[in-house]
Amino acid sequence: MVPPAGTQANPQQLQQFLSSVLSQRGPSALPYIEDTKWLIRQHLLSLFTTYPSLDPKTATFTHNDGRSVNLLQADGTVPMPFQGVTYNIPVIIWLMETYPRHPPLVYVNPTRDMIIKRPHPYVTPSGLVSVPYLQNWVFPSSNLVDLVRELSAYFAREPPLYSQRRPPPQVSNLNPNPSPIQSQSSIGGNSAAASRPYSVRPSSFPPSPYGSGRTQSQTEDPNEVYKRNAVSKLVDMVHTDMAEMRKAQEAEVEGLFSTQAALRWREDEIDKGLREMQGEMEGLEQQLQMVLMNSDILDDWVRGNQAKTRDVKDVDVDTAFECVDSMSKKMLDCTAADLAIEDVVYALDKALQESSVPFDQYLRNIRLLSREQFFHRATAAKVRAAQMQAQVATMAARSSSHYVT
């Protein structure tokens, strides 16, 4: 599918052509992602408006693995200023299947009287162009207009093509050693052949399977034209609605992300609380097991000593428990005296509340009892420290004897 020969299509024809080929469905659809077709259309419209020397077409591209696919291309010439004269470099810009997320393929398309300069920093012998703009392609900021502008700048620094013609007799003295077959002159050189602007030969690609596209004859049915314009307008409206829906969905997604973050934070807090409760429950279970074990030990002790107390009628409380050493006897006496003073103080409090004891006598007795209780508690603390030191010494002696053995 190509534009009319010898004429330049107006913007309306360009829009109709691109809308027609990009809206195809089924087996004849171009292999571009639906979400990017609108951006591809905008890129091409901007390109053909800025550089009218390029024409939109659909043609068959053959990959290195043998696959053939119908793709969009921009075929024409790129202006190249060189030594004060503007030349036209024939190029073909292929929009690959992954465009615009990936850069297009650009080929220099020399005519029959041109050859590619070897070596060239940006053009391979097969005509493939590799400039920094293509290597640093960034979606979605990169576009075709800036690409062609960069191509023109790089070609102006290093022209990629030579003009290949036999020198005319009147200028043969400019080259005293011409090639026996042909001579080569660089673009923009002193040769008369090199100073001529390039003309692009017709494309040899097969026609597109999509029909006449934007090529219109003078006898085309007005109903078809109206229908095509209506379809183009509907496509534009659909793209606008899709953009608005995309913005609304992005805002909704942002809200969902915020809610998800809050839910995750709450989930972490709940998990932390559950772990703490689990640890507390395990600690309580250990304490419960310890209490149950001690209860069993006490029950066994009571059952074992019940038979001993059946025949005993009078039990002396003071001799019921025997201390193993003098420190234990002293601790027992101090503890008993401390508790007895507590009972006396409690009884004096009750007597004072009932007005059985004068207040001055109550204070005097409390002072005496408190002093005595202090001495008993201090003695008990010293005895407890001595017992602890003796126990540590005994454990150390047992440990040393164990290692010696």
Measure across Ser142 and Tyr133 and return the closest heavy-atom pair with its distance rounded to 0.1 Å.
-> CA-OH, 3.4 Å

Donor-acceptor contact below 3.5 Å, side chain Trp137 vs main chain Pro104 = no

Please report the C-alpha distance between Leu352 and Phe359 in whole Å, then the side-chain angles of each, then the deciding distance to 0.1 Å, and finally whether the side-chain contact (heavy atoms from CB on, under 4.5 Å) criterion is met.
-> CA-CA 7 Å; Leu352 180 63; Phe359 185 70; 4.0 Å; yes

Return yes if a side-chain donor-acceptor contact under 3.5 Å exists between His239 and Glu244, otherwise no.
-> no

Val78 versus Ser53: any side-chain heavy-atom pair under 4.5 Å?
-> no

May I ask you to decide if Leu47's main-chain N or O and Thr50's side chain share a donor-acceptor pair within less than 3.5 Å?
-> no

Step by step, work out the side-chain hydrogen bond (donor to acceptor under 3.5 Å, both in side chains) result for Ser130 and Gln135.
-> CA-CA 7 Å; Ser130 177; Gln135 299 171 1; 2.9 Å; yes

If you draw a 6.0 Å radius around CZ in Phe139, do more than 12 non-hydrogen atoms from other residues or ligands fall strictly inside?
-> yes

Backbone N or O of Pro79 within a donor-acceptor pair of the Ser152 side chain at under 3.5 Å?
-> yes

Counting only N and O atoms by type, is there a donor-acceptor contact under 3.5 Å from the side chain of Thr86 to the main-chain atoms of Phe82?
-> no

Kindly give the heavy-atom pair with the smallest separation between Pro121 and Glu158, and that separation in Å.
-> CD-CG, 3.7 Å

From the list Asp75, Leu54, Val108, side-chain contact (heavy atoms from CB on, under 4.5 Å) partner of Ile92 resolves to Asp75

Rounded distance (nearest 0.5 Å) linking atom CE of Met388 with atom CD of Gln391 | 6.0 Å

In plain terms, say whether Asp236 and Lys233 are close enough for a salt bridge, that is, a side-chain N and a carboxylate O under 4.0 Å apart.
-> no

Answer yes when Lys330 and Asp333 have at least one side-chain N-carboxylate O distance shorter than 4.0 Å, and no when they do not.
-> no

Look up atom CH2 in Trp94 and atom NZ in Lys57, then write down how far apart they are to the nearest 0.5 Å.
-> 10.0 Å

Go through the steps to decide whether Lys37 and Ser23 satisfy the test side-chain contact (heavy atoms from CB on, under 4.5 Å), and finish with yes or no.
-> CA-CA 9 Å; Lys37 285 185 176 180; Ser23 62; over 6 Å; no

Distance, nearest 0.5 Å, that separates CG of Leu30 from CG of Leu95 = 10.0 Å

Within a strict 4.5 Å, meaning less than it, do heavy atoms of the Ile341 and His376 side chains meet?
-> yes

Show the numbers, then the answer: is there a side-chain contact (heavy atoms from CB on, under 4.5 Å) between Phe375 and Arg371?
-> CA-CA 7 Å; Phe375 285 117; Arg371 182 181 301 172; 3.5 Å; yes

In this structure, OG of Ser46 is separated from CG of Asn143 (nearest 0.5 Å) by 7.5 Å

Going by atom types alone, do Asn70 and Thr60 pair a side-chain donor with an acceptor below 3.5 Å?
-> yes

Among all residues two or more places apart in sequence or in another chain, which pass the ring pair (Phe, Tyr, Trp, His ring centres under 6.0 Å) test with Tyr154?
-> Tyr122

Verify the neighbour count for atom CZ of Arg303: are there more than 12 heavy atoms of other residues, nucleotides or ligands below 6.0 Å?
-> yes

Close side-chain approach of Thr335 and Leu339, heavy atoms under 4.5 Å | yes

Donor-acceptor side-chain pairing of Ser232 and Gln15 below 3.5 angstrom = no

Can you establish whether the number of heavy atoms outside Arg149 located under 6.0 Å from its atom CZ is more than 12?
-> yes

Test of ring centre spacing under 6.0 Å for Trp38 and Tyr32 = no

Heavy-atom side-chain contact between Pro31 and Leu71 under 4.5 Å = yes

Give a yes or no on whether a salt bridge exists between Glu342 and Arg377, defined as a side-chain N under 4.0 angstrom from a carboxylate O.
-> yes

In Å and rounded to the nearest 0.5 Å, what is the CG to CZ distance from Asp241 to Arg246?
-> 11.5 Å

Evaluate the ring planes of His43 and Tyr99, with Trp represented by its six-membered ring, and classify them as parallel (under 30°), tilted (30 to 60°) or perpendicular (over 60°).
-> perpendicular

Mark yes when over 12 heavy atoms from residues, nucleotides or ligands other than Met281 sit less than 6.0 Å from its CE; otherwise mark no.
-> yes

Test item: Lys117 side-chain N/O and Pro160 main-chain N/O as donor-acceptor pair under 3.5 Å = no

Can we say Arg25 and Glu34 salt-bridge, meaning some charged N sits less than 4.0 Å from an Asp/Glu carboxylate O?
-> yes

Nearest non-hydrogen partners of Ala351 and Val357, listed with the distance | CB-CG2, 3.5 Å

More than 12 non-hydrogen atoms from neighbouring residues, nucleotides or ligands closer than 6.0 Å to CD on Glu269, yes or no?
-> yes

Taking all non-hydrogen atoms of both residues into account, name the closest pair between Cys334 and Thr379 and its distance.
-> SG-CG2, 3.5 Å

Compare all side-chain heavy atoms of Ile297 with those of Trp301 and state whether any distance is below 4.5 angstrom.
-> no

Just do the side-chain contact (heavy atoms from CB on, under 4.5 Å) check on Met242 and Val238 with the steps written out, would you?
-> CA-CA 6 Å; Met242 287 177 63; Val238 169; 3.9 Å; yes

Which heavy atom in Met331 sits nearest to a heavy atom in Ala380, and how many Å separate them?
-> CE-O, 3.1 Å

Any donor and acceptor pair, going by atom type alone, linking the side chain of Thr124 with main-chain N or O of Leu128 inside 3.5 Å?
-> yes

Would you confirm whether Ser20, through its side chain, and Gln16, through its main-chain N or O, come within 3.5 Å as a donor-acceptor pair?
-> no

Taking atom CG of Asn64 as the centre, report whether more than 12 heavy atoms of other residues, nucleotides or ligands fall under 6.0 Å from it.
-> no

Does any donor atom in the side chain of Arg67 or Thr62 lie under 3.5 Å from an acceptor atom in the other side chain?
-> no

Would you give the length of the straight line joining atom OG1 of Thr49 to atom CG of Leu14, rounded to the nearest 0.5 angstrom?
-> 6.5 Å

What pairs with Met290 under side-chain contact (heavy atoms from CB on, under 4.5 Å), at least two apart in sequence or on another chain?
-> Met293, Asn294

Return the minimal non-hydrogen interatomic distance between Met327 and Ala386, and the atom names on each side.
-> CE-CB, 3.8 Å

Are Glu267 and Asp271 close enough that some pair of their side-chain heavy atoms sits under 4.5 Å apart?
-> yes

Mind checking whether Leu369 and Leu348 have side chains closer than 4.5 Å, heavy atoms only?
-> yes

Would you check if Met96 and His63 make a side-chain contact, meaning some heavy-atom pair closer than 4.5 Å?
-> yes

